[in-house]
Amino acid sequence: MVQVAINTLVTSRCSVVCESSNLWRRNFGLVREHHTVLGAGRSCLCSSVERDASFVGPCHVSQPRSLRVQARWLFNGSDKGSELDASCEHSESANEDILMFFFELDLATRVQYALNVEQYEIAQQLRNKLTEVELEVIKLRESRRGPSSKGEAQDIAISILRLRADLQNAIESENYGSAAELRDEISRLEAKSFTASLKAQAFENAQYAFRLGQKLKHKIFGYQAVICGMDPVCCESKSWMDGANIDKLTRGPDQPFYQVLVNIQEDPNLLVAYVAEENLLEPDKQDTDRFDHPYASFLFFGMDSAGDFIPIKQLREKYNQPRHELPYDPQDEEDGKDA
């Protein structure tokens, strides 16, 4: 967990303003066990994912008064896991992934600011912490997706080459017992390498029906959602999949899954869900209605003319997604001239 005082996070209807302080410079270190983030009205509603990152600092909500925040994710649902309960698709790991992404952005901004004001020692300290956070992010990603399949396949291939050399030496020295064990190990690794290669191809060649920032409707629960992340297959735990009834989906877990922000006006408790592609629908017409969510301000620049959100560059790079360009409409140019 990383202990920090975040700068300012302002949202349309829910907000928390956490001021920077000398604590950032004096006492900034990696520890473990919490996330904190958002407030609603005058009561501070924060989230904790019980793993690796926390924002702890003087928190001012609405009126100037200091609070020390040790937050906990407030998620209650008596029917969690039932087919008619949207909370069955809530994902704490997806929420954690988003918060860690914001944390990286915040640290990178602080590093650049320290360099701009020529505070090089502070910049170096922050850069060191940023490196630690990046390592934590890799660990979190591997806990969800597993190790990098491409790198894993390469490591297995190297191991197989070494074992084959050992096998040849064992045969030449007539050590057939050892040769048999080496042959079995090579067979096991070859099967593992094949699986890793298939997984690497799935991640590299994934075809997504939807894009980052796209505004959609949930097919079953009907809430409005905006895509902020994507995986080529379900990367949640087996217990989560059992609770969300993933095995009852037409396409099962082997289809793209999306991290989505849920409009807090429709479901103020859900916030972040992990949804199968088959359960998301494009609206019949352009949806330019207001969408409220506390994370939207740091993941997106705002809405485009079609009502979808424009992801920031870092978010597109995270998922290796191209920039979406709206199709050219001559009518827009004519309207501009008339105005």
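One is the number of the first residue; the rest follow in order along the sequence.
Between the side chains of Asn95 and Tyr295, at least one donor N or O lies within less than 3.5 Å of an accepting N or O. Counting only N and O atoms by type, the side chains of Gln224 and Asp289 include no donor and acceptor under 3.5 Å apart. In the model, Ser173 has no side-chain atom that pairs as donor or acceptor with a side-chain atom of Asn175 under 3.5 Å. Residues Glu236 and Tyr274 have side chains that never bring a donor and an acceptor to within less than 3.5 angstrom of each other. Looking only at atom types and distance, the side chain of Glu132 has no donor-acceptor partner in the side chain of Asn128 under 3.5 Å away.
Leu115 approaches Arg127 most closely through the heavy-atom pair CD1-NH2, 3.6 Å.
Take Arg183 and apply the salt bridge (charged side-chain N to carboxylate O under 4.0 Å, His left out) test, not counting sequence neighbours, and it matches no residue.
Ion pair Arg188/Asp184 not flagged as a salt bridge, since none of the NZ, NE, NH1 or NH2 atoms sits closer than 4.0 Å to an Asp/Glu carboxylate oxygen. The pair Glu278-Lys219 does not meet the salt-bridge criterion, since no charged nitrogen lies less than 4.0 angstrom from a carboxylate oxygen.
Taken from CD in Gln314 to CG in Leu105, the straight-line distance is 5.0 Å, to the nearest 0.5 Å. Expressed to the nearest 0.5 Å, how far CZ of Phe221 lies from CD of Glu266 amounts to 13.5 Å. To the nearest 0.5 Å, atoms CZ (Phe291) and CG (Asp308) are separated by 11.0 Å. Atom CG in Leu182 sits 4.5 Å away from atom OG in Ser178 (nearest 0.5 Å).
Listed for the Gln214 side chain is a donor-acceptor partner under 3.5 Å among the backbone atoms of Arg211. The main-chain N or O of Asp287 is found under 3.5 Å from a side-chain atom of Lys215 such that the two form a donor-acceptor pair. Asp267 contributes a side-chain N or O that, together with a main-chain N or O of Leu270, makes up a donor-acceptor pair within less than 3.5 Å. At distances below 3.5 Å, at least one donor-acceptor pair connects side-chain atoms of Asp304 with backbone N or O atoms of Gly307. The backbone N or O of Tyr319 lies less than 3.5 Å from a partner atom in the side chain of Gln321, making a donor-acceptor pair. With hydrogens and angles disregarded, a donor-acceptor distance shorter than 3.5 Å links the side chain of His293 to the backbone of Leu271. Between the side chain of Trp240 and the main chain of His90, a donor-acceptor pair closer than 3.5 Å is present.
You'll find the side chain of Leu280 reaches within 4.5 Å of the side chain of Tyr258, heavy atoms only. Side-chain contact between Leu299 and Leu261 is present, with heavy atoms from C-beta onward closer than 4.5 Å. Here the side chains of Arg164 and Ile186 are in contact, with some heavy-atom distance below 4.5 Å.
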TODO: Any chance you could lay out the salt bridge (Lys or Arg N to Asp or Glu O under 4.0 Å) test for Asp166 and Arg162, step after step, and finish with the verdict?
DONE: CA-CA 6 Å; Asp166 293 340; Arg162 291 173 178 168; over 6 Å; no

- [ ] Run the numbers on Asp247 and Lys238 for salt bridge (Lys or Arg N to Asp or Glu O under 4.0 Å), then give the verdict.
- [x] CA-CA 10 Å; Asp247 60 329; Lys238 186 179 184 304; over 6 Å; no

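Among Val233, Thr250, Leu249, the single residue meeting the side chain to side chain contact (heavy atoms under 4.5 Å, CB included) criterion with Gln255 is Leu249.
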